[in-house]
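Numbered from 1 within each chain, the chains take letters A, B, ... in sequence-line order.
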Amino acid sequence: MLRLGLCCLFHEAPIKFRTTTARHLATLKEGERERKISSLCLSNALALQQAILFCHHNKIGAFRVNSRILPLKTHPDMGYSVSELPEGNQIIRSFKDCGFNAKKHNIRLTFHPDQFTLLSSPDPAITARSLDELNYQCQVAGWIGADVINIHGGGAYGDKNQALQRVERNINALDKDLRKLLTIENDDRVYTPVDLLPLCLRTGVPLVYDLHHHRCLPDNLSAEEATAAALRTWNREPLFHLSSPKDGWNSGQPHKHHDYIDTNDFPEFWRELDLTVEIEAKAKELAVIRLYNELKF
DNA sequence: AGCGGTCAAGTTGAT
DNA sequence: ATCAACTTGACCGCT
């Protein structure tokens with residue numbers, strides 16, 4: 001069975017994830033600050049609960065959890081430990097409830113740390129901050145039972161091979177809980193599937209195949225070939241990404257995402273696979289639901 | 001209630 | 001040189 005996944009947010013459904021800024025927190029007194037963070041974390045745990053139920057009721061098979069589910073968790077000045085927050089126990093219990101419900105309804109949960117999370121940087125401080133971020137998402141992943149933390153290759157820094165060697169060294173040094181969840185995705189500027197596949201095969205880190213990125217930044221593999229190669233890197237249900245270009249393929253800006261998915265962009269040869277396809281489209285749940293109906297599963 | 005300014009982080013490529 | 005894009009707007013504070 002193929003399942004479609006929703007990324008992070010809702011367009012129409014009244015399910016909101018909250019956040020704050022370091023600047024605002026800095027204006028609060030100690031105590032107030034922790035109460036604010038605590039209430040945001042708890043609110044987000046409850047929103048995730050709603051998101052999972054929404055997916056269940058709308059035949060959406062997977063949900064990507066926003067990196068800011070615990071706002072500012074790894075900020076150098078504002079970072080915190082959840083168990084020390086005023087509502088820490090309740091927050092953790094609520095996330096574990098999310099995990100229980102996700103499992104009960106077979107909703108797959110994933111993470112996608114944002115662009116600042118890099119294992120390719122030559123700067124050790126950037127790598128250290130990235131590891132902090134990965135470890136935080138790994139902790140939440142443990143509570144909710146997420147099985148993917150997906151990152152990009154990052155920059156080339158003038159030498160792709162050296163950058164990829166740094167990625168590989170950093171992967172080999174990860175602790176095992178994190179390494180079990182980490183995946184890497186081809187992007188639309190630097191790293192193609194051909195660039196990443198050797199690293200995936202050597203390290204056991206699966207390739208999240210993004211077909212839209214591959215169409216924006218092709219290599220010598222066809223979509224069929226890249227699909228087959230990516231599938232071989234997975235030791236659990238594979239995860240792919242799909243989107244459609246906002247203004248068509250000849251606009252000069254094909255990497256921009258459309259509100260919806262053009263069914264012509266969905267490859268027929270994915271249809272029969274056991275696979276999760278996360279839908280990156282601005283109309284969010286509306287796009288996933290529309291595609292699901294159009295594909296007539 | 002509505003709206004404008006602002007927000008932690010890295011890298012690339014378009015302008 | 002600046003800036004938008006990247007998986008995503010949301011929040012605060014003013015009117």
Under 3.5 Å, which donor-acceptor pairs do the side chains of residues 121-131 of chain A form with other protein atoms, sequence neighbours left out?
residue   : atom : partner   : partner atom : Å
Ser121(A) : OG   : Asp123(A) : N            : 2.9
Asp123(A) : OD1  : Ala125(A) : N            : 2.8
Thr127(A) : OG1  : Asp123(A) : O            : 3.4
Ser130(A) : OG   : Phe116(A) : O            : 3.4
Ser130(A) : OG   : Leu118(A) : N            : 2.9
Ser130(A) : OG   : Leu118(A) : O            : 3.2
Ser130(A) : OG   : Ile126(A) : O            : 2.8

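- Residue pairs meeting the side chain to side chain donor-acceptor pair (under 3.5 Å) criterion with at least one member in residues 38-52 of chain A, sequence neighbours excluded: Ser38(A)-Glu87(A), Gln49(A)-Asn101(A).
- With sequence neighbours left out, the ring pair (Phe, Tyr, Trp, His ring centres under 6.0 Å) criterion links His214(A) to Tyr209(A).
- Contact annotation for Cys7(A): no contact, since no heavy-atom pair falls under 4.0 Å across all strands.
- In the model, His212(A) has no side-chain atom that pairs as donor or acceptor with a side-chain atom of Glu280(A) under 3.5 Å.
- Not counting sequence neighbours, the partners of Glu168(A) by the salt bridge (charged side-chain N to carboxylate O under 4.0 Å, His left out) test are Arg202(A).
- Listed by residue number, the members of residues 275-287 of chain A with any heavy atom below 4.0 angstrom from DNA chain C are Glu280(A), Lys282(A), Lys284(A).
- Annotation: ring pair (Phe, Tyr, Trp, His ring centres under 6.0 Å) contacts of Trp143(A) (sequence neighbours excluded): Phe95(A).
- Position along DNA chain C of the nearest nucleotide to Leu9(A) versus Leu40(A) favours Leu9(A) as the more 5'-ward residue.
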Please tabulate, for the side chains in residues 9-31 of chain A, all donor-acceptor contacts under 3.5 angstrom to protein atoms that are two or more places apart in sequence or on a different chain.
residue  : atom : partner  : partner atom : Å
Thr21(A) : OG1  : His24(A) : N            : 3.1
Thr27(A) : OG1  : His24(A) : O            : 2.6

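- Every ring pair (Phe, Tyr, Trp, His ring centres under 6.0 Å) that Tyr292(A) has, sequence neighbours left out, goes to Phe297(A).
- Backbone-only contact: His213(A) has heavy atoms under 4.0 Å from sugar-phosphate atoms and none from a base.
- A search for ring pair (Phe, Tyr, Trp, His ring centres under 6.0 Å) contacts involving His75(A) returns nothing, not counting sequence neighbours.
- Under the rule for a salt bridge (charged side-chain N to carboxylate O under 4.0 Å, His left out), Lys59(A) has no partner lying at least two apart in sequence or in another chain.
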Inset, instruction - Using a 4.0 Å heavy-atom cut-off, write out nucleotides 4-9 of chain B from 5' to 3' as B (base contacted by protein), S (sugar-phosphate only) or - (no contact). - result: ---SBB

Legend entry - Base-pair map of DNA chain B as dot-bracket, where | denotes pairing with a different strand and pairs are Watson-Crick or G-U under 3.5 Å: |||||||..||||||

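- Using a 4.0 Å heavy-atom distance criterion, His241(A) is classed as making no nucleic acid contact.
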